[in-house]
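Presented below is the structure to which this report refers.
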Protein chains: 2
Amino acid sequence: MNEKIKKYKLLNIKLTPQRLAILDYLEGNRMHPSVEQIYKHVSRRFPSMSYATVYNVVNTLVKHKVVKELSIDPDKKRFDPDMHTHHHMVCIKCKKIMDIDIDYSLHVPEQVLEGFTLMGNHIEFYGICAQCRGKDKD
Amino acid sequence: MNEKIKKYKLLNIKLTPQRLAILDYLEGNRMHPSVEQIYKHVSRRFPSMSYATVYNVVNTLVKHKVVKELSIDPDKKRFDPDMHTHHHMVCIKCKKIMDIDIDYSLHVPEQVLEGFTLMGNHIEFYGICAQCRGKDKD
DNA sequence: ATATTAGATTATAATCATTATAATTATGAA
DNA sequence: TTCATAATTATAATGATTATAATCTAATAT
């Protein structure tokens, strides 16, 4: 049994070919794909795949903390298989998302928290990427 | 002519009663309301108001940089009339959003930017608020 | 190996947020 | 007061996501 299967065995979910195909596509993927992008890619080799399956699978993976759901793009959810703490830089024109792998220490004083239990943070840097900057300004 | 009307005159948009009612509701509002919440509040005094108007008005206000559109909540857009740079703390249970008014200096080295032109940043702290913590754990 | 069953996939319908359309109405300038 | 432009409204359309129910299959026990 290979390493990947071993790894996902730990989740105690059934390892269907659809799930493995989606996991394959996501593994190491730095594009922060949407459900549509996952569907379009995986359904090439898996023509019977339905959108519902992609939604089911990514929701399961999010629940099992194998992928992160990003709400950076206000129009659709995007997914990130990189579970270690990191941040993102978004191009406001083309919506491309790049990883920012810097450790910032973000302290919030007790009196600001008002009893809130902090679990993490995520920084969204925004601006315009080199490619979009190169095109006609508007 | 009062101060508020003077202020919005500068936008060069027509000052309709609907817009003033929405602006009144948003001004100083720290709840980060959704379109639904804005509609429900404003339509109490304005029964003829339609959802389309709320969408039109908030989109106009976002375009004129009078309110900020937040994508913290993956299910719906939320709006913040506070335009000065600040951050947010979200309860993952009740989705309440609180302001974090701390100035963090977040530097990104040139070689990480890869030509990206930074325009700003926004930190999302997440965790569980005091009220939700108090309720039954799950 | 086979049967069993809980869970997964699929097609499809339903829902919710949001945008588009077109007709009516109202603001603000002349 | 008139008028052109822009805003509001009702409603249809779209797009993302979730729900439903029937079928199918992975994993376990026989």
Side-chain angles (χ1 to χ4, degrees), chain A residues 1-2 4-25 32-40 42-64 66-67 69-79 95, chain B residues 1-2 4-25 32-40 42-64 66-67 69-79 95:
Chain A
M1 189 188 291
N2 74 36
K4 189 186 327 158
I5 292 184
K6 248 188 241 162
K7 177 175 164 194
Y8 294 118
K9 271 284 178 198
L10 298 172
L11 303 178
N12 285 319
I13 59 173
K14 291 188 180 171
L15 285 186
T16 66
Q18 292 89 336
R19 282 180 172 169
L20 288 172
I22 291 174
L23 285 163
D24 268 347
Y25 175 63
H32 314 89
S34 62
V35 163
E36 188 191 10
Q37 286 173 284
I38 297 169
Y39 174 79
K40 284 194 173 148
V42 178
S43 64
R44 287 209 296 261
R45 309 199 167 204
F46 240 99
S48 76
M49 165 98 51
S50 106
Y51 261 100
T53 300
V54 181
Y55 277 104
N56 289 338
V57 171
V58 296
N59 285 340
T60 300
L61 296 175
V62 168
K63 209 168 295 167
H64 285 82
V66 177
V67 309
E69 179 183 298
L70 305 180
S71 59
I72 294 178
D73 185 337
D75 295 329
K76 51 172 75 84
K77 291 172 182 167
R78 298 180 57 165
F79 298 89
K95 303 296 165 77
Chain B
M1 191 188 290
N2 74 36
K4 185 180 336 153
I5 293 186
K6 249 188 239 162
K7 178 176 164 192
Y8 293 118
K9 271 287 179 194
L10 298 172
L11 302 178
N12 284 320
I13 58 173
K14 289 187 181 173
L15 285 187
T16 66
Q18 291 90 336
R19 282 181 172 168
L20 287 173
I22 291 174
L23 284 163
D24 267 348
Y25 176 62
H32 314 87
S34 63
V35 162
E36 188 190 9
Q37 287 172 286
I38 297 169
Y39 174 80
K40 283 193 173 148
V42 177
S43 65
R44 287 211 296 261
R45 308 203 168 201
F46 240 98
S48 75
M49 165 101 48
S50 108
Y51 262 100
T53 300
V54 181
Y55 278 103
N56 289 338
V57 171
V58 296
N59 285 341
T60 301
L61 296 176
V62 168
K63 209 166 295 165
H64 285 82
V66 176
V67 311
E69 179 184 297
L70 305 180
S71 58
I72 294 178
D73 184 339
D75 295 328
K76 51 174 75 85
K77 292 173 183 166
R78 298 180 57 164
F79 297 90
K95 305 294 166 77

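Keep in mind that the numbers below use all heavy atoms, side chains included, and drop hydrogens, waters and symmetry copies. Note on naming: letters A, B, ... go to the chains in the order of the sequence lines (proteins, then strands), and numbering restarts at 1 for each one.
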Heavy atoms under 4.0 Å, any strand shown: does [X] hit a base, just sugar-phosphate, or nothing?
X	answer
T53(B)	base
N59(A)	sugar-phosphate
N56(B)	base
S48(B)	sugar-phosphate

**Q.** Any H32(A) side-chain heavy atom under 4.5 Å of F79(A) side chain
**A.**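 No, every pair of side-chain atoms sits at 4.5 Å or beyond.
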
(Q) Is any side-chain heavy atom of L23(B) closer than 4.5 Å to one of L61(B)? (A)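 Yes, at least one pair of side-chain atoms sits under 4.5 Å.
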
Rounded interatomic separation in angstrom, taking [atom1] from [X] and [atom2] from [N]:
X	N	atom1	atom2	value
R78(A)	dT17(D)	CZ	P	11 Å
K76(A)	dT18(D)	NZ	C1'	18 Å
M49(B)	dA10(D)	CE	C1'	14 Å
Y55(A)	dT20(D)	OH	P	17 Å
L20(A)	dT25(D)	CG	P	15 Å
I72(B)	dA17(C)	CD1	P	18 Å
R19(A)	dT9(C)	CZ	P	5 Å
I13(B)	dA7(D)	CD1	C1'	10 Å

Among [options], which nucleotide sits nearest the side chain of [X]?
X	options	answer
A52(B)	dG28(C), dA7(D), dT9(D)	dT9(D)
S50(A)	dA8(C), dT17(D), dA11(C)	dA11(C)
V57(B)	dA7(D), dT18(D), dT8(D)	dT8(D)
K77(B)	dA17(C), dA7(D), dT19(C)	dT19(C)

Q) Is there a donor-acceptor pair under 3.5 Å between the side chain of R78(B) and the backbone N or O of I72(B)? A)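 Pair absent, no side-chain N/O of R78(B) close to backbone of I72(B).
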
Q. Side chain of S71(B), backbone of D73(A): donor and acceptor closer than 3.5 Å?
A.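 No, because the side chain of S71(B) does not come within donor-acceptor range (under 3.5 Å) of the backbone of D73(A).
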
Q. Which sits closer to the 5' end of DNA chain C, Q18(A) or P74(A), going by the nucleotide each is nearest to?
A.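 In this pair, the answer is Q18(A).
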
Q: Check whether the side chain of K14(B) and the base of dT5(D) form a donor-acceptor pair under 3.5 Å.
A: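 Under the 3.5 Å cut-off, the side chain and the base do form a donor-acceptor pair.
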
Q) If every non-hydrogen atom of I22(A) is compared with every non-hydrogen atom of V54(A), which pair is closest and at what distance? A)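 It is CD1-CA, 4.1 Å.
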
Q: Take P17(B) and Y51(B), find for each the nucleotide of DNA chain D with the closest heavy atom, and name the residue whose nucleotide sits nearer the 5' end.
A: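 Looking at the nearest nucleotide for each, P17(B) comes out on the 5' side.
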
Q. Does a nitrogen or oxygen in the side chain of T16(A) sit under 4.0 Å from OP1 or OP2 of dT9(C)?
A.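 Yes, because at least one side-chain N or O of T16(A) sits under 4.0 Å from OP1 or OP2 of dT9(C).
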
